[in-house]
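All heavy atoms count here, side chains included; hydrogens, waters and symmetry mates do not. None of these values were measured; they are calculated from a predicted model.
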Amino acid sequence: MSVISALPFLKPVHLMSPRSSPGRQRRHTLPASEFRCLSPEDAISVFEIEREAFISVSGDCPLHMDEIRHFLNLCPELSLGWFEEGRLVAFIIGSLWDQDKLSQDAMTLHKPHGTTVHIHVLAVHRTFRQQGKGSILMWRYLQYLRCLPYVRQAVLMCEDFLVPFYQKCGFRVLGPCEVTVGALAFVEMQCAVGGHAFMRRNSGC
């Protein structure tokens with residue numbers, strides 16, 4: 001059993017279907033809504049969503065296909081996908097980092113003994129945007145991280161226009177990020193997730 005499937009607030013959410021009449025055979029359907037860790041088999045769906053979300057805005061993707069597969073092989077437990085009727089509609093991919101600030105190495109490395117989760121990317125499929133799904137997915141992801149005893153904080157880098165979104169999710173601005181991509185500059189943001197004993201007692205962790 002995966003870690004996520006053992007957490008009550010990350011268990012698949014099933015919409016109740018009407019009761020079958022006597023004698024009618026129950027049809028098997030996919031979960032209406034499900035949150036789970038991603039696997040390397042999800043890489044193509046992940047990249048398709050990411051490419052559409054980022055190429056038109058910045059001209060590049062945070063993670064290329066080989067990097068997506070790299071992290072989903074090394075640390076799938078630090079990813080989270082939102083599926084509706086079996087279709088991926090939004091996702092987050094993270095890895096562990098072992099320094100106070102992000103550097104260029106953080107873009108490609110996973111540090112197994114680190115206590116910081118570097119969130120590489122959050123993306124929502126174009127037909128599901130403007131529905132609050134990004135905020136919901138981030139909230140669930142942070143709740144999940146609070147149940148991992150080795151994680152102390154989550155960090156990310158984003159462009160200026162995304163700062164208000166992540167602030168609403170609980171992140172605070174650390175300042176300019178040391179990492180640049182071409183002409184793009186980023187803001188580094190941090191959210192403390194360790195030491196939430198009350199949260200753990202009340203979330204089934």
Side-chain angles (χ1 to χ4, degrees), residues 1-5 7 10 34-83 86-126 133-134 137-138 140-142 144-145 147-159 162 166 169 171 177-191 193:
M1 179 182 293
S2 68
V3 177
I4 282 189
S5 65
L7 304 181
L10 288 179
E34 177 185 16
F35 295 86
R36 65 164 172 82
C37 294
L38 298 169
S39 70
E41 288 72 29
D42 297 310
I44 293 176
S45 297
V46 166
F47 186 63
E48 288 175 350
I49 293 173
E50 183 197 30
R51 180 174 55 187
E52 189 280 327
F54 286 91
I55 293 270
S56 59
V57 176
S58 62
D60 200 2
C61 295
L63 297 176
H64 296 158
M65 177 65 84
D66 58 338
E67 295 166 333
I68 291 169
R69 289 198 172 105
H70 171 71
F71 288 119
L72 293 186
N73 273 296
L74 283 179
C75 48
E77 72 280 1
L78 296 176
S79 68
L80 183 61
W82 185 342
F83 295 80
R87 177 188 182 188
L88 181 66
V89 300
F91 69 88
I92 292 174
I93 292 178
S95 64
L96 286 177
W97 185 238
D98 60 356
Q99 298 177 29
D100 292 334
K101 298 280 288 182
L102 293 175
S103 69
Q104 197 65 44
D105 285 343
M107 302 300 102
T108 56
L109 296 181
H110 168 62
K111 299 284 191 173
H113 300 294
T115 59
T116 294
V117 171
H118 172 206
I119 298 175
H120 293 270
V121 57
L122 181 160
V124 178
H125 191 282
R126 63 182 180 276
K133 280 184 163 53
L137 183 63
M138 180 60 78
R140 284 181 173 265
Y141 187 72
L142 293 174
Y144 169 52
L145 295 185
C147 293
L148 301 180
Y150 54 88
V151 174
R152 292 291 172 264
Q153 64 178 354
V155 298
L156 56 82
M157 47 184 267
C158 66
E159 294 182 75
L162 286 171
Y166 286 113
C169 292
F171 286 79
C177 186
E178 296 177 7
V179 181
T180 58
V181 178
L184 294 177
F186 302 95
V187 177
E188 189 162 337
M189 304 189 72
Q190 180 262 352
C191 179
V193 298

Could you grab the distance from atom [atom1] of [X] to atom [atom2] of [Y], nearest 0.5 Å is fine?
X	Y	atom1	atom2	value
L156	Q190	CG	CD	9.5 Å
E48	R126	CD	CZ	9.5 Å
L122	C169	CG	SG	8.0 Å
C177	L184	SG	CG	12.0 Å
L145	Y150	CG	OH	8.0 Å

Quick one: does [X]'s side chain get under 4.5 Å of [Y]'s, heavy atoms only?
X	Y	answer
Y144	L148	yes
M189	L162	no
L74	S95	no
L137	F35	yes
F71	L78	no

> Which residue pairs pass the side-chain hydrogen bond (donor to acceptor under 3.5 Å, both in side chains) test with at least one member in residues 64-74, sequence neighbours excluded?
Replying inline: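 Residue pairs passing side-chain hydrogen bond (donor to acceptor under 3.5 Å, both in side chains), neighbours aside: D60-H64.
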State, to 0.1 Å, how close [X] and [Y] come at their nearest heavy-atom pair, and which atoms those are.
X	Y	result
L38	I92	CD1-O, 4.2 Å
I49	L88	CD1-O, 3.5 Å
L72	S39	CD1-O, 3.3 Å
C147	P149	O-CD, 3.5 Å

Name each donor-acceptor pair under 3.5 Å that joins a side chain in residues 99-116 to protein atoms two or more places apart or in another chain, with its distance.
from, atom 1, to, atom 2, distance (Å)
S103, OG, D105, N, 3.4
H110, ND1, L96, N, 3.1
T116, OG1, Q153, NE2, 2.9

> By side chain to side chain donor-acceptor pair (under 3.5 Å), which residues pair with H125, not counting sequence neighbours?
Replying inline: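 R87, T127.
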> What residues, two or more places apart in sequence or in another chain, satisfy ring-ring contact (aromatic ring centres under 6.0 Å, His included) together with F91?
Replying inline: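 Counting only residues at least two positions away or on another chain, F91 forms no ring-ring contact (aromatic ring centres under 6.0 Å, His included).
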> Which word best sums up how the rings of Y166 and F171 line up, parallel for under 30°, tilted for 30 to 60°, or perpendicular for over 60°?
Replying inline: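 Answer is perpendicular, since the angle exceeds 60°.
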> Going through the checks in order, is the side chain to side chain contact (heavy atoms under 4.5 Å, CB included) test met by E50 and I93?
Replying inline: CA-CA 11 Å; E50 183 197 30; I93 292 178; over 6 Å; no
